[in-house]
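Contents: one structure, followed by commentary.
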Amino acid sequence: AQSVSQHNHHVILSEAASLELGCNYSYGGTVNLFWYVQYPGQHLQLLLKYFSGDPLVKGIKGFEAEFIKSKFSFNLRKPSVQWSDTAEYFCAVRGNSGYALNFGKGTSLLVTP
Amino acid sequence: NAGVTQTPKFRVLKTGQSMTLLCAQDMNHEYMYWYRQDPGMGLRLIHYSVGEGTTAKGEVPDGYNVSRLKKQNFLLGLESAAPSQTSVYFCASSYTTLIGDTQYFGPGTRLTVL
């Protein structure tokens with residue numbers, strides 16, 4: 001079965017620390033890859049996406065992600081987190097044979113001052 | 001553009017009651033989706049639509065029905081609500097390009113079934 005796995009369910013970092021959130025998927029074909037962020041009490045917002053081309057994609061608010069096809073991974077990174085990055089982060093994958101997104105279970109990030 | 005809007009924002013139902021959640025988008029997107037979000041579960045697809053008049057089942061369709069009578073609207077119905085349907089419901093819409101599509105989400109509806 002197709003699945004999306006996020007390795008860390010809860011992450012706590014101090015401000016200015018570096019962030020890396022892992023995401024692995026189990027699709028065999030061409031995929032579209034996404035990271036969404038959900039700030040407390042708000043709806044999902046798109047951070048970044050990968051469709052094709054350069055496997056290192058840059059998104060909003062200083063986030064970036066790298067698609068490594070051989071590892072079926074799409075990890076999210078940020079060099080220096082801020083308190084305002086406290087949120088839940090979701091990795092999502094869409095296979096080219098389907099319409100819907102399959103989401104990971106999410107990673108809750110808490111950034112402390 | 002308002003993007004994707006959902007009504008209502010909050011609702012409390014008693015077991016067995018029915019209700020309809022409305023999703024509207026003004027981006028002329030072909031595809032629309034209903035997800036539910038539960039703690040520790042991420043988002044799970046309930047139903048989706050690839051065009052006006054068409055609907056299809058997602059991962060967790062039981063207990064829900066949908067209709068897409070107009071391109072801009074996608075309705076989610078609960079005929080007989082159950083406590084297991086307590087959740088936050090998100091609607092999304094998207095368009096497809098040659099290389100992929102991006103889903104845009106509404107603000108959510110928080111539903112509690114007592």
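A note on names: the letters A, B, ... follow the listed sequences, proteins ahead of strands, and every chain is numbered from 1.
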Exercise. Mind checking which of residues 30-40 of chain B sit less than 4.5 Å from chain A, heavy atom to heavy atom?
Worked result: Y31(B), Y33(B), Y35(B), Q37(B), G40(B)

Exercise. Which residues, numbered in order, of residues 104-113 of chain A come under 4.5 angstrom of chain B by heavy-atom distance?
Worked result: G104(A), K105(A)

For this session: Give, as side chain, backbone, both or neither, the part of Q45(A) having an atom under 4.5 angstrom from any heavy atom of chain B.
Result: neither

Exercise. For the side chain of T20(B) and the backbone of G77(B), is there at least one donor-acceptor N/O pair under 3.5 Å apart?
Worked result: no

For this session: Determine whether the side chains of K49(A) and N32(A) contain a donor N or O and an acceptor N or O closer than 3.5 Å.
Result: no

Exercise. Okay, side chain of Q85(B), backbone of G63(B): is any donor-acceptor separation there less than 3.5 Å?
Worked result: yes

Seminar exercise, completed: Okay, L43(B) and chain A: the region with an atom under 4.5 Å from a heavy atom over there is both

For this session: Report yes or no: is the cationic atom of K78(A) (NZ for Lys, CZ for Arg) under 6.0 Å from the centre of the six-membered ring of F63(A), at an angle within 45° of the ring normal?
Result: yes

Exercise. Is T15(B) reaching over with its side chain to a backbone N or O of L114(B), donor-acceptor style, under 3.5 angstrom?
Worked result: yes

Exercise. Contact part of L101(A) toward chain B, heavy-atom cut-off under 4.5 Å: side chain, backbone, both or neither?
Worked result: both

For this session: Verify the cluster assignment for V81(A) and I60(A): are they in a single hydrophobic cluster under the rule of side-chain heavy atoms below 4.5 Å apart?
Result: yes

Exercise. Who are the side chain to side chain contact (heavy atoms under 4.5 Å, CB included) partners of L22(B), not counting sequence neighbours?
Worked result: T7(B), N73(B), L75(B)

For this session: Evaluate the ring planes of Y104(B) and Y95(B), with Trp represented by its six-membered ring, and classify them as parallel (under 30°), tilted (30 to 60°) or perpendicular (over 60°).
Result: parallel

Exercise. Any donor-acceptor pair under 3.5 Å linking the side chain of Q6(B) with the backbone of C91(B)?
Worked result: yes

Exercise. Highest number of heavy-atom pairs under 4.5 Å with chain B: which of Q42(A), E88(A), Q38(A)?
Worked result: Q38(A)

Problem set entry | Check: S84(A) main-chain N/O paired with Q82(A) side-chain donor or acceptor under 3.5 Å | no

Exercise. What are the residues of residues 46-53 of chain B, in order of number, with any heavy atom under 4.5 angstrom from a heavy atom of chain A?
Worked result: Y48(B), V50(B)

Seminar exercise, completed: Correct closest heavy-atom pair for V4(B) and P107(B) would be O-CD, 3.5 Å

Problem set entry | T102(B), part contacting chain A, at a heavy-atom distance under 4.5 Å | both

For this session: State plainly whether one hydrophobic cluster holds both Y39(A) and W35(A), where clusters connect Ile, Leu, Val, Met, Phe, Trp and Tyr through side-chain heavy atoms under 4.5 angstrom apart.
Result: yes

Exercise. Which class fits the ring pair F34(A) and F51(A): parallel under 30°, tilted 30 to 60°, perpendicular over 60°?
Worked result: perpendicular

Exercise. Using the ring of each side chain (for Trp, its six-membered ring), is F105(B) parallel, tilted or perpendicular to F90(B), with breaks at 30° and 60°?
Worked result: perpendicular

For this session: Report yes if some heavy atom in the side chain of C23(A) is under 4.5 Å from a heavy atom in the side chain of V4(A); otherwise report no.
Result: yes

